[in-house]
Amino acid sequence: MPRFTAETAIAALEIEQLVIDWGYDLDLNGGMNVAPLCTDDCHYLVGGTLHQGHGPITAFYTARNERVATQQKDGVRTQRHTITNMRIQFPAADHGSAQFMLVNYSGEGRAPILNLVGPTIVADCRMEFRQDANGEWRISLFDSTPMFIGNDPFLNAAVIRK
């Protein structure tokens, strides 16, 4: 079982909060504030497509939100990301990694979404982190592997590797 020092225990809490802030932004802001949570050179993979750095990450979410506005009922998509089974490690003093399970519920239109049968997707996720000059943890890598994929054509178009 991994042992934490006082310093790594604090860092683990900070990283866990960073991951939760990431999921919160996806749910409530359509990912438009994700880039500042990342390093300048972050490797951000969605459906096997790499978006490297703040500009491409923001462009990915901007394009996604434009698709929501034109393709979803009332131009709205309701979603919630559940983050669980978090496992944090520290390969170096200023580097961290986390593996976790992401369970996403989503549907077009405003809440409440009716007749949802199950999650839209369940994925194994991996993030890596680096501390910046101010000691703030930032995401340096995001990648996920879908384990279960529901029947949501909008989400599936973005996450199924081509």
Side-chain angles (χ1 to χ4, degrees), residues 1-65 77-107 111 116 118-150 152 154-156 158-162:
M1 176 173 159
R3 305 260 325 159
F4 287 103
T5 64
E7 292 80 20
T8 57
I10 290 169
L13 286 172
E14 292 173 341
I15 284 173
E16 183 176 19
Q17 186 62 50
L18 175 58
V19 175
I20 291 166
D21 289 346
W22 168 80
Y24 183 85
D25 189 69
L26 294 176
D27 291 341
L28 299 180
N29 299 312
M32 292 310 299
N33 299 315
V34 164
L37 302 175
C38 299
T39 60
D40 291 337
D41 63 345
C42 180
H43 287 99
Y44 200 89
L45 292 109
V46 180
T49 300
L50 173 64
H51 309 279
Q52 186 174 355
H54 288 190
I57 293 168
T58 299
F60 167 76
Y61 285 111
T62 298
R64 181 198 174 279
N65 291 332
R77 185 162 181 84
T78 299
Q79 63 183 12
R80 292 296 182 264
H81 291 76
T82 305
I83 298 164
T84 188
N85 295 0
M86 178 89 55
R87 186 167 188 271
I88 298 173
Q89 297 178 310
F90 295 96
D94 61 348
H95 285 74
S97 66
Q99 293 81 36
F100 56 94
M101 183 170 54
L102 183 70
V103 181
N104 176 274
Y105 298 89
S106 58
L116 183 67
T120 310
I121 190 167
V122 176
D124 289 342
C125 296
R126 178 172 66 106
M127 283 187 175
E128 293 180 9
F129 310 89
R130 288 196 314 261
Q131 277 186 306
D132 65 17
N134 297 323
E136 295 288 328
W137 289 99
R138 300 280 180 238
I139 301 163
S140 59
L141 171 93
F142 167 71
D143 196 7
S144 64
T145 303
M147 295 289 111
F148 304 96
I149 299 175
D152 182 346
F154 184 87
L155 180 91
N156 293 358
V159 300
I160 296 176
R161 296 178 193 255
K162 295 154 180 86

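All values reported here derive from a predicted model rather than from experimental measurement.
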Leu141 side chain reached by Tyr44 side chain, heavy atoms, under 4.5 Å: no
Side-chain contact test, heavy atoms from C-beta onward, threshold under 4.5 Å: evaluate it for Gln89 versus Gln99 and give yes or no. yes
From Ser140 OG over to His95 NE2, what is the distance, rounded to the nearest 0.5 angstrom? 6.5 Å
If you round to the nearest 0.5 Å, how far is CD1 of Ile15 from OG1 of Thr8? 10.0 Å
Report the distance from atom CZ of Phe100 to atom CD of Glu16, rounding to the nearest 0.5 Å. 10.5 Å
If you count the non-hydrogen atoms of other residues, nucleotides and ligands that lie under 6.0 Å from CZ in Phe90, is the total more than 12? yes
Nearest-0.5 Å distance, CG of residue Asp132 to OG1 of residue Thr39: 10.0 Å
Please state whether the rings of Trp137 and Phe129 are parallel, tilted or perpendicular, taking 30° and 60° as the class boundaries. perpendicular
Between Gly150 and Asn156, which heavy-atom pair has the shortest distance, and what is it? O-ND2, 3.1 Å
Rounding to 0.5 Å, atoms CD1 (Ile88) and CZ (Phe4) come to a distance of 6.0 Å
According to ring-ring contact (aromatic ring centres under 6.0 Å, His included), who are the partners of Phe60, at least two apart in sequence or on a separate chain? His51
Option passing side-chain contact (heavy atoms from CB on, under 4.5 Å) with His81 (candidates Asp27, Val19, Thr120, Asp25): Asp27
Please give me the minimum heavy-atom distance between Cys38 and Ile57, naming the atom from each residue. SG-CD1, 4.0 Å
Does Ala111 offer a backbone N or O that forms a donor-acceptor pair with the side chain of Thr78 under 3.5 Å? yes
Do Thr82 and Asn104 come within less than 4.5 Å of each other through their side chains, counting heavy atoms only? no
Do you know the tightest heavy-atom contact between Pro146 and Ile121? CB-CD1, 3.9 Å
For the residue pair Ala123 and Ser144, what are the closest heavy atoms and their distance? CB-CB, 4.2 Å
Return the CG to CH2 distance between Leu37 and Trp22, rounded to the nearest 0.5 Å. 10.0 Å
Nearest heavy-atom contact between Thr58 and Ala35 is OG1-CB, 3.4 Å
Can you tell me which residue pairs pass the salt bridge (Lys or Arg N to Asp or Glu O under 4.0 Å) test with a partner in residues 36-65, sequence neighbours excluded? Asp41-Arg130
Please tell me if the side chains of Phe142 and Val34 come closer than 4.5 Å, counting only heavy atoms from C-beta onward. no
Assess the residue pair Val122 and Leu102 against the criterion (side-chain contact (heavy atoms from CB on, under 4.5 Å)); give the C-alpha distance rounded to whole Å, side-chain angles, the decisive distance to 0.1 Å, and a yes or no. CA-CA 6 Å; Val122 176; Leu102 183 70; over 6 Å; no
Least distance between heavy atoms, Gly135 atom then Gln131 atom: O-NE2, 3.1 Å
Does anything in residues 77-99 form a salt bridge (Lys or Arg N to Asp or Glu O under 4.0 Å)? List the pairs, not counting sequence neighbours. Arg77-Asp152
If we only count heavy atoms from C-beta on, is the Met32 to Asn65 side-chain gap below 4.5 Å? yes
